[in-house]
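What you see below is based on every heavy atom in this structure, not just the backbone, and it leaves out hydrogens, waters and symmetry mates. For this chain, numbers begin at 1 and follow the sequence in order.
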Amino acid sequence: MLSPEQLKLIFEKISQYSVFAYTEEIGEGFITLKGGHRAGLCGKYYYRGEEKPQIKHISSINLRVAREVIGCAECIVPKLFEGNTFCHTLLISPPGCGKTTYLRDIIRLLSDGTDTITGKNVAVVDERSEIGNRTREGIGFYLGNRTDLMDHCPKAAGMLMMLRTMTPEILAADEIGGEKDIKAMAYVRNCGCRLLMTVHGNSMQDIFARPVLGEYLKQYPFERYVFLSKKGDRERIITIYNQDGIQK
């Protein structure tokens, strides 16, 4: 257990002693660290008129460590195609099962191509700087030579921006769920771009029961659902279904 003084010191260090520079992120409950790691924050939530809410008097910090595992999705990608066409794909898992790690590797494989798949133009909207973790120097996780990355941009706005400016064949984003995200996905899909998204959940029943996402999925089902679950600390169970619930 950490003392309030230790928590305060850690918070000051992860905000690089400039809380003002991270005002927007802190108001959303996190700070993205160098390397794509994320510090989740809890404390006292403040509203000040129309300004962004803020979290002060930090009482908990949750450190989520980002990992780049090159090749972890090689067994997944071939099953995400019908012939030469990439299927609209949704990755589903509880928190902490490596959803973003697998997403990152799928993006890389789609972008660079494999022995059997031609490389695709992939656009990535990275709202929390976790997928690519692009720094000012342009350094970050490798996402492939044909990948365009919009970093630290709200998903809904970023999806529409990338569609209009970067001519993507596939558009990827992490942790969808808000009403604006859903509307943007419907627009992108109806413009002929393929979707690669992730969401938290334990089962198909979980995600179809969501108030906004569930209605979207009934109207626009994904063509592939990739479920990730833990087996021990390091092993993962990967199950893939098509839109009819048939295992691939």
Worked verdict on I92 versus V226 for side-chain contact (heavy atoms from CB on, under 4.5 Å): CA-CA 6 Å; I92 305 162; V226 180; over 6 Å; no
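- Residues S18 and Q16 bring no donor and acceptor atom of their side chains to less than 3.5 Å of each other.
- Looking at D174, I131, I106 one by one, the single match for side chain to side chain contact (heavy atoms under 4.5 Å, CB included) with T198 turns out to be D174.
- Looking at heavy atoms from C-beta onward, R189 lies in side-chain contact with Y220 at the 4.5 angstrom threshold.
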Working for side-chain contact (heavy atoms from CB on, under 4.5 Å), residues S15 and I31: CA-CA 7 Å; S15 61; I31 292 178; 4.0 Å; yes
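- In this structure, the separation between CD on E28 and OH on Y22 is 14.5 Å, given to the nearest 0.5 Å.
- Surrounding CZ of F20 are at most 12 heavy atoms belonging to other residues, nucleotides or ligands under 6.0 Å away.
- Between the OG1 atom of T85 and the CD atom of E223 there is a distance of 8.5 Å, given to the nearest 0.5 Å.
- With H152 contributing its side chain and S129 its backbone, the two residues share no donor-acceptor pair below 3.5 Å.
- Closest approach of A156 and K180 over heavy atoms only: CB-O, 3.5 Å.
- For the pairing with Y216, the side chain to side chain contact (heavy atoms under 4.5 Å, CB included) check across K183, M185, E179 returns one residue only, M185.
- Between M197 and M159 the shortest side-chain heavy-atom distance falls below 4.5 Å.
- Listed here is the closest heavy atom pair of N202 and D206: N-OD2, 2.8 Å.
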Working for side-chain contact (heavy atoms from CB on, under 4.5 Å), residues L109 and I117: CA-CA 9 Å; L109 290 165; I117 299 166; over 6 Å; no
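- One finds no salt bridge joining K8 and E5 here, because no Lys/Arg side-chain nitrogen approaches an Asp/Glu carboxylate oxygen to under 4.0 Å.
- Between the CG atom in L195 and the CZ atom in F222 there is a gap of 5.5 Å [rounded to 0.5 Å].
- Hydrophobic cluster membership differs between V122 and V188, with clusters built from Ile, Leu, Val, Met, Phe, Trp and Tyr side chains linked at under 4.5 angstrom.
- The line from CG of L33 to CZ of R64 is 12.0 Å long, rounded to the nearest 0.5 Å.
- Look at R194 and E169 and you find no salt bridge, because none of the NZ, NE, NH1 or NH2 atoms lies under 4.0 Å from a carboxylate O.
- A 4.5 Å side-chain heavy-atom check between R236 and K230 finds at least one atom pair inside the cut-off.
- Side chain to side chain, S111 and T147 meet the donor-acceptor criterion of an N or O pair below 3.5 Å.
- Ion pairing between a basic and an acidic side chain is recognised when a charged N comes within 4.0 Å of a carboxylate O; E175 and K99 show such pairing.
- Annotation for N84: atom CG does not count as buried by contact number, only 12 or fewer foreign heavy atoms lying within 6.0 Å.
- A donor-acceptor contact closer than 3.5 angstrom is absent between the side chains of D105 and Y142.
- Taking the ring centroids of Y225 and Y241, they lie at or beyond the 6.0 Å cut-off.
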I14 vs L41, side-chain contact (heavy atoms from CB on, under 4.5 Å): CA-CA, chis, key distance, verdict: CA-CA 11 Å; I14 64 177; L41 306 172; 4.2 Å; yes
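- Side-chain contact check for L110 versus L196: some heavy-atom pair is nearer than 4.5 Å.
- Among residues two or more places apart in sequence or in another chain, the side-chain contact (heavy atoms from CB on, under 4.5 Å) test is passed with E82 by C87, R224, K248.
- Remark: T89 OG1 to I76 CD1 distance equals 10.0 Å, nearest 0.5 Å.
- Cation-pi geometry between R128 and F30 is satisfied (NZ or CZ under 6.0 Å from the ring centre, within 45° of the ring normal).
- For the atom pair CE of M161 and CE of M150, the computed distance is 5.0 Å after rounding to the nearest 0.5 Å.
- The number of heavy atoms from other shown groups lying within 6.0 Å of CD (Q243) is above 12.
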Full working for salt bridge (charged side-chain N to carboxylate O under 4.0 Å, His left out) between E130 and R38: CA-CA 8 Å; E130 291 182 290; R38 187 168 75 187; 2.8 Å; yes
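- Annotation for E25 and T32: closest pair OE1-N, 3.2 Å, computed over non-hydrogen atoms.
- No more than 12 heavy atoms of other residues, nucleotides or ligands sit less than 6.0 Å from atom OH of Y187.
- Residues satisfying the side-chain contact (heavy atoms from CB on, under 4.5 Å) criterion with L7, sequence neighbours excluded, are L2, I61.
- Between T239 and Q247 the shortest side-chain heavy-atom distance falls below 4.5 Å.
- N121 has its side chain out of reach of M166: every pair of non-hydrogen atoms, C-beta onward, lies at least 4.5 Å apart.
- By the 4.5 Å heavy-atom criterion applied to side chains, I238 and F227 are not counted as neighbours.
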